[in-house]
Colleague: 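This is the structure, below, for whatever I ask next.
In what follows, chains carry the letters A, B, and so on, assigned in the order in which the sequence lines appear, proteins first and then strands, with residues in each chain numbered from 1. The structure displayed is predicted, hence computed values, not measured ones.
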Amino acid sequence: KQEVTQIPAALSVPEGENLVLNCSFTDSAIYNLQWFRQDPGKGLTSLLLIQSSQREQTSGRLNASLDKSSGRSTLYIAASQPGDSATYLCAVIGPNAGGTSYGKLTFGQGTILTVHP
Amino acid sequence: DTEVTQTPKHLVMGMTNKKSLKCEQHMGHRAMYWYKQKAKKPPELMFVYSYEKLSINESVPSRFSPECPNSSLLNLHLHALQPEDSALYLCASSQDQNWLVAFFGQGTRLTVV
């Protein structure tokens, strides 16, 4: 059974710092890994998707890497801003018993990020 | 249009009420999903519809009844809920069930009193 762990559980930093959020998963047979952002009481916003054949993806100040063999991904946030404060969720999708992927993302518990001015 | 729209945003219902949550997308996606998220927990899958047919039911109690009337709409009918069913209900869609990218709605905050 796939398990996803995110470290740290919470992070509080001053504005301007560069950050690294960590995600690890137990089963390396994944199709993709997706990072989401969730504001309190809101839905999930997809930040970056890394397919299993890729090693990293970049969008603006965000960079996500994937080391499938070691079961790890990191989300790097450059020059953090108060508006980055949110919960960041890592999720993986892999084959089910039938050998095909289906829409069951396995989520980590999330990292609660607070960036203070 | 890359949005998944959920209505209502907030819902308070009694344990004897019947209500429905609605989800709509116009991206041509043929797979749609319901997730339940309790406070400070990650989302948990409830149902998957693929090409308007129920594909996966993650052992959800029958007081939750999904419906997919067409490829753009997904409903979740609620009846005789319990206070512990209070949660954020999230709808998502993807191109098909063998998805690579998931789009989520903003959720319906449900409170059962």
Colleague: Give, for atom CZ of A:Phe107 and atom CD of B:Glu44, the distance between the pair rounded to the nearest 0.5 Å.
Modeller: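 Atom-to-atom, A:Phe107:CZ and B:Glu44:CD are 10.5 Å apart.
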
Colleague: Rounded to the nearest 0.5 Å, what's the gap from OG1 on A:Thr45 to CD on B:Gln106? Could you check?
Modeller: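 The CD atom of B:Gln106 is 5.5 Å from OG1 of A:Thr45, to the nearest 0.5 Å.
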
Colleague: Would you say NE2 of A:His116 has more than 12 non-hydrogen atoms from neighbouring residues, nucleotides or ligands within 6.0 angstrom?
Modeller: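 Atom NE2 in A:His116 is crowded, with more than 12 foreign heavy atoms closer than 6.0 Å.
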
Colleague: Examine whether an atom of B:Gln37 lies under 4.5 Å from a heavy atom of chain A, and if so say whether it belongs to the side chain, the backbone or both; otherwise answer neither.
Modeller: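 Only the side chain of B:Gln37 comes within 4.5 Å of chain A.
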
Colleague: Are more than 12 heavy atoms from other residues, nucleotides or ligands located less than 6.0 Å from atom CZ of B:Arg109?
Modeller: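 Atom CZ in B:Arg109 is packed in, count exceeds 12.
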
Colleague: Using every non-hydrogen atom in the two residues, find where A:Gln109 and B:Lys41 come nearest and quote the distance to one decimal.
Modeller: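 Heavy atoms of A:Gln109 and B:Lys41 come nearest at OE1-CD, 4.2 Å.
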
Colleague: Kindly give the heavy-atom pair with the smallest separation between B:Leu90 and A:Gln38, and that separation in Å.
Modeller: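 Here B:Leu90 and A:Gln38 meet closest at CD1-NE2, 4.4 Å.
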
Colleague: Drop me the distance from A:Leu105's CG to B:Ser94's OG, to the nearest 0.5 angstrom.
Modeller: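 Between atom CG of A:Leu105 and atom OG of B:Ser94 there are 9.0 Å.
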
Colleague: Crowded around B:Lys9 NZ? As in, over 12 foreign heavy atoms under 6.0 Å?
Modeller: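 Result for NZ/B:Lys9: open.
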
Colleague: Between A:Leu44 and chain B, with a heavy-atom cut-off of 4.5 Å, which part of the residue counts as in contact: side chain, backbone, both or neither?
Modeller: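 Backbone plus side chain of A:Leu44, per the 4.5 Å heavy-atom cut-off to chain B.
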
Colleague: I'd like to check A:Val4 versus B:Pro42 (side-chain heavy atoms, cut-off strictly below 4.5 Å). Are they in contact?
Modeller: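 With C-beta onward as the side chain, the pair stays apart.
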
Colleague: Applying a strict under-4.5 Å side-chain criterion to I, L, V, M, F, W and Y, I'd like to know whether B:Leu81 and B:Leu11 cluster together.
Modeller: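 Linked, B:Leu81 and B:Leu11 end up in one cluster.
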
Colleague: Between CZ of B:Phe104 and OG of A:Ser46, what distance do you get to the nearest 0.5 Å?
Modeller: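 It is 9.0 Å, given to the nearest 0.5 Å.
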
Colleague: Using the rule that two of Ile, Leu, Val, Met, Phe, Trp, Tyr join whenever any of their side-chain heavy atoms come within less than 4.5 Å, decide whether B:Val4 and A:Leu47 are in one cluster.
Modeller: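 The answer is no; the residues belong to distinct hydrophobic clusters.
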
Colleague: Do A:Tyr31 and A:Leu66 sit in the same hydrophobic cluster, where Ile, Leu, Val, Met, Phe, Trp and Tyr count as joined when their side-chain heavy atoms come under 4.5 Å apart?
Modeller: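 They do not share one cluster, since no chain of ILVMFWY contacts under 4.5 Å joins A:Tyr31 to A:Leu66.
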
Colleague: Decide whether B:Leu21 and B:Phe64 are clustered together by the hydrophobic rule: side chain heavy atoms of Ile, Leu, Val, Met, Phe, Trp, Tyr closer than 4.5 Å, transitively.
Modeller: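 Yes.
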
